[in-house]
Amino acid sequence: MREVDRRLLSAMRDCGTDQRVAAAARGLSWCGEHGAVWIAAGLVGAGADHERRRAWLRGTALVGAAHLASMAVKLAVRRARPQLAALRPLVSTAGRHSFPSSHAASAAAAAVAFGALRPAARHLVPPLAAAMCVSRLVVGVHYPTDVVAGVLLGGITAGLGAAWMTGPVIASTASRAAATVFAAPPAATAPVGVASRAAATEGGAAHA
């Protein structure tokens, strides 16, 4: 499994040799540091949506909780960051530990929590969260299993806090949003799926 993880990461990191892809991946990674973009989005939502201000604030708190939970797991697991011989990481990192991805945890939590509040958030947040998850592979600082674990942790954290966030009615919407996160390629399987296709293409070219 470790070798597969490394091969998939290498295939995704190769995508970063394109300067446009590298710039986009760097931008997404920087925005996601410590869940910053999601916390900012939650605060903006709270300021703009007076009807559900408390729900937005609690959703933002769930994003923060997912990030903190990922940091705690990192300290327990202590998996080292990837080291690829041929390609250096495109960004620096705040910590040395890799599993799970805190970017993925906060992104998945935001997709579940904010997606339960307004239709616009339900359509906008998951694709952006998916792109952020993939960016961590492109910049070369996480293995695919780090990202998948982060998605699961963030989605579960937000799902468990859905009733506290909005009450039982909207909590059912959050549960459906969580199911979408786990079932759909954008948040949970995109990193592995995209990397698998890239690896397959790379392998086919090698045999050609």
Heavy-atom check, side chain of [X] versus side chain of [Y], under 4.5 Å:
X	Y	result
Asp5	Pro144	yes
Leu28	Leu128	yes
Val138	Asp14	no
Arg79	Val73	no
His103	Val147	no
Arg7	Ser10	no
Trp38	Val125	yes
Pro100	Lys74	yes

**Prompt:** Mind checking whether His67 and His34 have parallel, tilted or perpendicular rings, split at 30° and 60°?
**Reply:**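 Perpendicular.
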Rounded to the nearest 0.5 Å, what separates atom [atom1] in [X] from atom [atom2] in [Y]?
X	Y	atom1	atom2	answer
Leu117	Glu51	CG	CD	10.5 Å
Met165	Leu57	CE	CG	11.5 Å
Arg54	Trp164	CZ	CH2	9.5 Å
Leu62	Ser106	CG	OG	12.5 Å
Thr60	Phe114	OG1	CZ	4.0 Å
Ser101	His142	OG	NE2	3.5 Å

Work out which heavy atom in [X] is nearest to a heavy atom in [Y]; give both atom names and the distance.
X	Y	value
Ala108	Gly155	CB-N, 3.8 Å
Pro119	His123	O-ND1, 2.8 Å
Gly154	Ala66	CA-CB, 4.0 Å
Asp49	Trp56	OD2-NE1, 3.1 Å
Leu90	Arg26	O-NE, 3.1 Å
Ser102	Ser70	OG-OG, 2.6 Å

Give a yes or no on whether the backbone of [Y] and the side-chain of [X] come within a donor-acceptor separation of less than 3.5 Å.
X	Y	result
Arg13	Arg88	yes
Arg6	Gln83	yes
Arg81	Gly95	yes

In the single-linkage hydrophobic clustering (I, L, V, M, F, W, Y; side-chain heavy atoms under 4.5 Å), do [X] and [Y] co-cluster?
X	Y	result
Met71	Val77	no
Leu137	Val141	no
Val139	Leu8	no

**Asked** Counting heavy atoms not belonging to Arg53, are there more than 12 under 6.0 Å from its CZ?
**Response**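 Atom CZ in Arg53 is packed in, count exceeds 12.
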